[in-house]
> 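My questions will all concern the structure given below.
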Amino acid sequence: MTLLRSFAVLSLSACALLSAPIAFAQQALTPRQVAEKFDEELRRAHTTLSVKFKLSTCRYKIEQGQMRCAEKPREKAVENVVKSYGRDIRSISILSEPVTDRGIGMLGYQYWDKNKVNDNWLYLPALNKVKRVVSIKDSKDSGSYFGSEFYIEDLEDPRIDDYSYKILGEEKVKVLEVGKGYVESPAYVLEWTPTAQRRDTTNYGRMVFWVDKKRFILLKGEFYDHDGTLFKRRTIKNLQLVNENWMPRQVTMDNMTTRRVTVMDRLAIAIGLDVDDDYLTQRTLTDHAYRERYLAKFRSFWRE
């Protein structure tokens, strides 16, 4: 009897140990934990990255429930390179089309330290001048990314400590995935509210992100002004797994106040490149030959 009782106790203990990880995995995540997992996935994809994308911007009208351009879209082709330095990130974007804009470039340094303001510089070949770009509230024109409806901060990885978080609920979101069609995924509806310090350097009073519960990637987003008005919507399309990272091949930013929309189509992507630190400097903006030597190497790795 003693032996049987001992075996029973050991069996129960083993079952408890086996079930413990399952019980732990089922524990609800806090809003901050959801944001941290989202940040982890976002930054993992941005370790080193080279992308060619097209920006198409137009004023729009709604006809029969469909958004349609009310004018010929303005299209720009951009070659972008990103590299992370721990939690800091550097990126450089160069316009290749149209011909009249070729060579216009933007250099950005993102800092994890919440006491530092991100640095951005714009190079205009016609003026042969590099100038610092201001990306703060009440400076929305200067904070635009190449004249599109994306602000510079829309393309930066948000700093976790710049916000407080609240889960507003859970919803299922349909997103088009490459090779699968529309897939419905459960998502956290996560509200991001800037801290008092961050409010002075952002165009947004709050943001709401639909974060995939399994992959912790963005499925869609809403951006509210400081007075609480919803004025921008971000949607994604053509999600694709590239080097074990989920990347949206198309991102749309709808500015509901100006009734202008920008569609960003990622035409080619390469992840995990060897990017020299020297490339991510102002010299790349101003030295055409120097820049082209690097870009030729990055283009050879692009995946369409």
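If you read the sequence from its start, that first residue is 1, and numbering goes on from there.
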> Quick one: ring pair (Phe, Tyr, Trp, His ring centres under 6.0 Å) pairs with a partner in residues 265-289, sequence neighbours left out?
Y279-Y294, Y279-F298
> Can you check whether A289's main-chain N or O pairs, donor with acceptor, with E292's side chain at less than 3.5 Å?
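No; judged by distance alone, with no hydrogens or angles, the pair does not exist.
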> Write down the atom of L42, the atom of P158, and the distance for their closest heavy-atom approach.
CD2-CD, 4.0 Å
> A quick test of your reading: do over 12 heavy atoms of other residues, nucleotides or ligands sit less than 6.0 Å from NZ of K297?
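Yes, enclosed.
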> Report the residues that fulfil ring pair (Phe, Tyr, Trp, His ring centres under 6.0 Å) with Y109, sequence neighbours left out, ordered by chain and then residue number.
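Applying ring pair (Phe, Tyr, Trp, His ring centres under 6.0 Å) to Y109 gives W121.
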> Can any side-chain N or O of R159 pair as donor or acceptor with the backbone N or O of Y111 at less than 3.5 Å?
yes
> Would you call D277-K83 a salt bridge at under 4.0 Å N-O?
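Salt bridge between D277 and K83, a charged N being under 4.0 Å from a carboxylate O: yes.
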> If a pair satisfies salt bridge (charged side-chain N to carboxylate O under 4.0 Å, His left out) and one of its residues is in residues 237-263, list it, with sequence neighbours excluded.
E149-R260
> Working note: K116 + D113, criterion salt bridge (Lys or Arg N to Asp or Glu O under 4.0 Å); need CA distance, chi angles, decisive distance, verdict.
CA-CA 6 Å; K116 297 180 68 175; D113 185 348; 6.0 Å; no
> Less than 4.5 Å apart, any side-chain heavy atom of R90 and any of V82?
no
> Side chains of R233 and K220: closer than 4.5 Å at any heavy-atom pair?
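SC-SC contact between R233 and K220 ruled out.
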> Under the side chain to side chain contact (heavy atoms under 4.5 Å, CB included) rule, collect the residues that match up with T235, sequence neighbours excluded.
T252
> I need the K114 NZ to D161 CG distance, nearest 0.5 Å.
5.5 Å
> Is T229 reaching over with its side chain to a backbone N or O of F231, donor-acceptor style, under 3.5 angstrom?
no
> Is there a donor-acceptor pair closer than 3.5 Å between any side-chain N or O of D101 and the backbone N or O of P98?
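Flag not set: sc D101 to bb P98 has no pair under 3.5 Å.
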> State which residues pass side chain to side chain contact (heavy atoms under 4.5 Å, CB included) with S185; sequence neighbours excluded, sorted by chain then number.
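Per chain and number, S185 pairs via side chain to side chain contact (heavy atoms under 4.5 Å, CB included) with V183, D212, R215, L219.
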> Find out whether W302 and L267 are in side-chain contact, i.e. whether some heavy atom of one side chain is under 4.5 Å from a heavy atom of the other.
no
> List the steps, then state whether side chain to side chain donor-acceptor pair (under 3.5 Å) holds for E222 with Y224.
CA-CA 7 Å; E222 293 182 346; Y224 293 78; 2.7 Å; yes
> With heavy-atom distances below 4.5 Å as the criterion, would you say the side chains of V251 and F53 are in contact?
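Result no, sub-4.5 Å side-chain heavy-atom pair not found.
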> Any sub-3.5 Å donor-acceptor pair from D162's side-chain atoms to R198's backbone N or O?
no
> Using the ring centroid of each side chain, check whether F38 and F216 are separated by less than 6.0 Å.
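Between F216 and F38, which both carry aromatic rings, the centre distance is not below 6.0 Å.
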> With sequence neighbours left out, which residue pairs that include part of residues 280-290 fulfil the salt bridge (charged side-chain N to carboxylate O under 4.0 Å, His left out) condition?
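Matches after skipping sequence neighbours: R283-D287.
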> Verify, without hydrogens or angle tests, whether R206 (side chain) and H226 (backbone) share a donor-acceptor contact under 3.5 angstrom.
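Such a contact is absent between R206 side chain and H226 backbone.
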> Let me have the donor-acceptor pairs involving side chains of residues 165-172, under 3.5 Å, with sequence neighbours excluded, atom names and distances please.
unit_1: Y165; atom_1: OH; unit_2: I160; atom_2: O; d: 2.7
unit_1: E170; atom_1: OE1; unit_2: K213; atom_2: NZ; d: 2.9
unit_1: E170; atom_1: OE2; unit_2: K213; atom_2: NZ; d: 3.4
unit_1: E171; atom_1: OE1; unit_2: W210; atom_2: NE1; d: 3.0

> Using a 4.5 Å cut-off on heavy atoms from C-beta on, say whether the side chain of D157 contacts that of R87.
no
> Please step through side chain to side chain donor-acceptor pair (under 3.5 Å) for the pair Q110 and D88, ending with a clear verdict.
CA-CA 6 Å; Q110 302 175 41; D88 292 347; over 6 Å; no
> What residues, two or more places apart in sequence or in another chain, satisfy side chain to side chain donor-acceptor pair (under 3.5 Å) together with T257?
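T257 satisfies side chain to side chain donor-acceptor pair (under 3.5 Å) with N255 once adjacent residues are dropped.
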> With the side chain counted from C-beta on, respond yes when M67 and I62 share a heavy-atom pair under 4.5 Å apart, and no when they do not.
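Yes, side chains in contact.
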> For E97, enumerate each residue passing the side chain to side chain donor-acceptor pair (under 3.5 Å) test, keeping only those at least two apart in sequence or located in another chain.
none
> Between K61 and E71, does the salt bridge (Lys or Arg N to Asp or Glu O under 4.0 Å) criterion hold? Intermediate values first, please.
CA-CA 10 Å; K61 56 185 177 181; E71 61 186 8; over 6 Å; no
> Is a side-chain N or O of T202 found less than 3.5 angstrom from the main chain of R199, in a donor-acceptor match?
no
> Spell out, as yes or no, whether a donor-acceptor pair under 3.5 Å connects the side chain of N120 to the backbone of I152.
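No, because the side chain of N120 does not come within donor-acceptor range (under 3.5 Å) of the backbone of I152.
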> Are Y204 and K232 close enough that some pair of their side-chain heavy atoms sits under 4.5 Å apart?
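Yes, side chains in contact.
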> For Q66, which residues count as a side chain to side chain contact (heavy atoms under 4.5 Å, CB included) partner, sequence neighbours excluded?
R68
> Which residues pass the side chain to side chain donor-acceptor pair (under 3.5 Å) test with N243, sequence neighbours left out?
none
> Taking E36 first and then R32, would you say they form a salt bridge - that is, a charged N and a carboxylate O separated by under 4.0 Å?
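Yes, charged N to carboxylate O under 4.0 Å.
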> Among residues at least two apart in sequence or on other chains, which ones pass side chain to side chain contact (heavy atoms under 4.5 Å, CB included) with L241?
W246
> Are K52 and E304 close enough for a salt bridge, meaning some N to O gap below 4.0 Å?
no
> Please step through salt bridge (Lys or Arg N to Asp or Glu O under 4.0 Å) for the pair E41 and R44, ending with a clear verdict.
CA-CA 5 Å; E41 288 301 310; R44 187 163 64 89; 2.7 Å; yes
> Is there a chain of hydrophobic side chains (I, L, V, M, F, W, Y, each step under 4.5 Å between heavy atoms) that links L55 to M247?
yes
> Evaluate the side-chain proximity of K131 to Y123: yes if any heavy-atom separation is below 4.5 Å, no if none is.
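Sidechains of K131 and Y123: no contact.
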> Do R74 side-chain atoms and T57 backbone N/O form a donor-acceptor pair below 3.5 Å?
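No; zero donor-acceptor contacts below 3.5 Å.
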